[in-house]
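Everything below concerns the one structure shown next.
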Amino acid sequence: MVKITVNGREVEADPKQPLIAACHGHDVDVPHYCYHPGLSTVGSCRMCQVEVQQGTAPGRVMVACRTYPAEGMVVSTESEKSHATRRECLEFLLKNHPLDCPICDKAGECDLQDFTYQEGQATGRSKEPRRPLEKRHSLGDVIVLDQERCILCSRCVRFFEEVPKKAQLTVASLGSRSVIATFADQPLTGNYQGNIADLCPVGALTLKGFRFQARVWNLVKMASTCAECSRGCSIQVEVLRGGDVKRFRPRENAAVNRWWMCDTGRFAFDHVNAKDRLVNSLVRDGHGLAPRSIEDGIAAVRALLDAHSDALFVASPFCTVEEGASIQALAKRRGTTALFVAPGPNGLKDALLHTGDPCPNRRGLTELGLQPIEPKELAKKLASSKAAVLFGERVVELAGAAAIAALPTSTALAVFDCKAPDAAACTVAIGVPTSVERTGTWINVDGQKGPIAAVKPAPAGVRALARHLAALDLRAEAARS
Amino acid sequence: MVIVKRKELSLSERLYVPEIVRGLSITFRKMFEKKITRQYPEEPLVKTEVTRGQPRLVVKDDGAIACVSCGLCEAACPAYAITIDGGETDRPIEREPKRFDIDMLRCILCGFCEEACPKDAIFMSDELELADYSRQALVYDIEKLKRPAAAMRRRIEYVNRINDRWRDAPRPPMLVGRDAPHGAHAHSPAAAAQRPHAS
Amino acid sequence: MNDFAAKVGLTGEQLEHLLAILVRNTVILIGIISVAAVMTLVERKVSAWMQFRHGPNRVGPWGLLQPLADGVKFIFKEVVVPNGANKALYVLAPALAAVPAMMTIAVIPFANDVVLFGKNWGPLVVADIDIGILYLLAIGSMSVYGVILAGWASNSKYSLLGGLRASAQMISYELSMILAILAVVAMAGSINLREIVESQAHGGSIADWNFWKQPLACFLLLVASFAETNRHPFDFAECEPELVAGFNTEYSAMKWAIFFIGEYSAMAVMSSLSVILFFGGWSIPFLPDAPWYLGFAAFLAKTSVYLFLFVWVRWTLPRFRFDQLMRIGWKVMLPLALVNLLATGAWLTFFGPPGAP
């Protein structure tokens, strides 16, 4: 560790880390485009220039991402000289930038916008026409490249080289004709393409799935955890006007996913945006499953439990540890142990993040004492038992919707799920919220806690599973006394 | 401190009755003066170029609206009257509104949307009458908001003229490099610290 | 007609007389209610003109059908009875406010002997009784019950305060009003209203009007009638800025309208009374032998001027403070009325009744 002075404040800095990291570490902001803590540094954007003084020499303007702290270094990020240099640098970056912010999806979270406002360069001086390039260049199924907006920071190029370790992008051509391109114009491949849209400091790389879907300032953003696999990547859920989830984006978490997430998880919001939700409850009468109030549904579950003392308790792997504990407590009180559906590896496992295990809370539920059970075995077990209660989001889907539908009517089935099950055996079904509509905790494969957050309200007539479990418990108490 | 002396009242003023008669004579005379009330439906409001009526989307000569659904009017709207959902289009502007609703019952005719619009797509028309049988009918969608540019020419020209006032003003000196006067920009560390680290 | 009379056991003359009474009284009653309706329009029109506005002009030509539209609206509006209201009194109060005003009409002589179909039907008055003024004052002062009961029964602090103020004010000004009237009565030597008119009419000149003999009494009666009818500048019973709407705050629909019918009827009665006492009633100057219908028209014209004065004053003067109202009532009006009465009495004692040789 060395002592340096940043803006008149003496701080400790790691000489192995670039100066910009030291500044950021001490809450001193240095604007930058090409630097990213998760990538190698190239110093191509020149935006992070700060005034550095060493010894008795006069201060020099240097790029903070390629300069390393040395003992006695005096750094000024706010000096007139560094500001002037950054302004000149911005003017060059904006020379060919199309300024189509009204159209650009990045507007509102764009570093180029932010730093331009911050550095105060309000107008441009160039009268020459801007360089026309391709505005809708597809790079595979996930990414669209707007070549005009690109400032050639090369973060995306370095990402593919350094994180999935498979180079796919490069800077093609020379001079003002330089563009980002794939090798031989092949589409991008791999499960991590989406990250380059987050990395891009301008609106050059955008997600096809999010293109023109929403203005970013209209999105309500909350920290949550990815439900795709047992890695439990920290994510940010973004919801448009309390309605649909529009984006999952990775959230920095050094212990789990650093800055990245896979595309499978990134686009896994079809389920939470599904419109065919089960609200209130469905109770089987002479004609089939008929809509009833929640209280009627709970009473029906209660009746089922009273009629069958050996009913199976099956939780969904999406159940939080809080829900899992309640289910297990309910099961224990009846002298049994709860199970949870645990489908085997789905073949998406890779070396970086995806574990291939589709159960986000496998570890948490296992530690609570719930027994994992493969869908095939579960189907057998269900078919041979008199009654079962299935708890939690997507439990029918993961247990195998076809297998559940094929269950003989001799098995009385109570289901707590987001969707109405299509099963002859099902006697009662009650709606529960999805993972963006409730709060709780998942434990990932490494034992890291992953909080999930209620980013939007559950539909009317849908209560948290915990409330249903409490209602069941209360009625059990009442029945006993 | 100023001491204002109470006015000494004359005898007739103290007697009150003569003053009442004076008051009565004033009101009686005023009965025959010209009425200043405008008889509204028969005498319509005088509409000038500065009249801010309900906002309308201008249809350009090619038959399309200029809106790219950037959402700035939505963000500027103090009454939350505007709701926009964007989508992709094959036109050169790439992006167009799939849904552009203005709740006319919420709209307060402030004109912020017109001011915010970077594409000269929305202007305040001189239409002021608003009546219908349901609230839903007064949430205007794109089709109801469309107006040909010819119908709004006066307002468009007025707004352009107002904006030209700034356009034609002498430009401020370029604040780049050595041109920049010393301390021209106060960069407060507090403001800088507020911005989260962009990674 | 005579056959029918015989069947019901009356002579033809009796039946004729009965029908005449029926027609006359109905006409007068409908007339007074119409006056109330027309006055609402007049009030709105005059106030509008004084404020450079047009006033109601959408219903019918010049808004003439506005009272009708208002009436229809009032009938169809919901009657809201507030929580905790004394319902019986609450319903009774508007009637109590309006009925006395209508009853007092009975003794107002509108015209001299009506000659119609070649027959003299007697003067145009419901009840030509000898104690006309006494009756008028007795019944008229009952209208305060309507106001104070409305205030009490509404279970509202604003209504109650309005009712209290109204009662205090009416009682205070009743005194000076009666004393002012007494001076005229003393001079006329009669409390029959028709005879008072005739006492002013016999000479056929303006000089015979009591106004010239009793200007102070006339002024006092004018002021007192503003207070008695709760009109500006003494409308403390309503007093919008302080009491929302005073005693009628909690009233709605037709019940509310009945208060106003009462108020305008009372105005019409007070105007008629003033015209009768001071401005010669139906008599027309220089035309002592005018036919009855001209006299009736003259009476209406004089009363209209008085009614206009009520409206005119309302839209000119600001409201007094309540203490000012009381001070004027007890410390100015009452002494003046007493002095006036004493002076009149003294004059009569020493110089005899006017006109007498």
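The chains referred to below are lettered A, B, ... by the order of the sequence lines, with proteins before strands, and numbering in each begins at 1. These numbers come from a predicted model, not from an experiment.
- The side chain to side chain contact (heavy atoms under 4.5 Å, CB included) check on C:L341 picks up C:L179, C:L182, C:A183, with sequence neighbours excluded.
- For CZ of B:F112, the number of neighbouring non-hydrogen atoms (other residues, nucleotides, ligands) closer than 6.0 Å is 12 at most.
- Taking C:A253 as the reference, C:K77, C:V79 meet the side chain to side chain contact (heavy atoms under 4.5 Å, CB included) condition, with sequence neighbours excluded.
- Annotation: C:F219, atom CZ; neighbour count of heavy atoms from other residues, nucleotides and ligands within 6.0 Å does not exceed 12.
- Listed by chain and number, the residues in a side chain to side chain contact (heavy atoms under 4.5 Å, CB included) with C:P233 are C:F226, C:V313, C:L317, C:F320 (sequence neighbours excluded).
- Residue B:F32: no heavy atom, backbone or side chain, is found under 4.5 Å from chain C.
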Between chain C and chain B, are any donor-acceptor pairs under 3.5 Å, and how far apart is each one to 0.1 Å?
residue	atom	partner	partner atom	Å
C:F52	O	B:I36	N	2.9
C:H54	NE2	B:T37	O	3.4
C:R58	NH1	B:E42	OE1	3.3
C:R58	NH1	B:E42	OE2	2.9
C:R58	NH2	B:E42	OE1	2.9
C:W312	NE1	B:L24	O	2.9
C:W312	NE1	B:T27	OG1	3.0
C:T316	OG1	B:T27	OG1	2.7

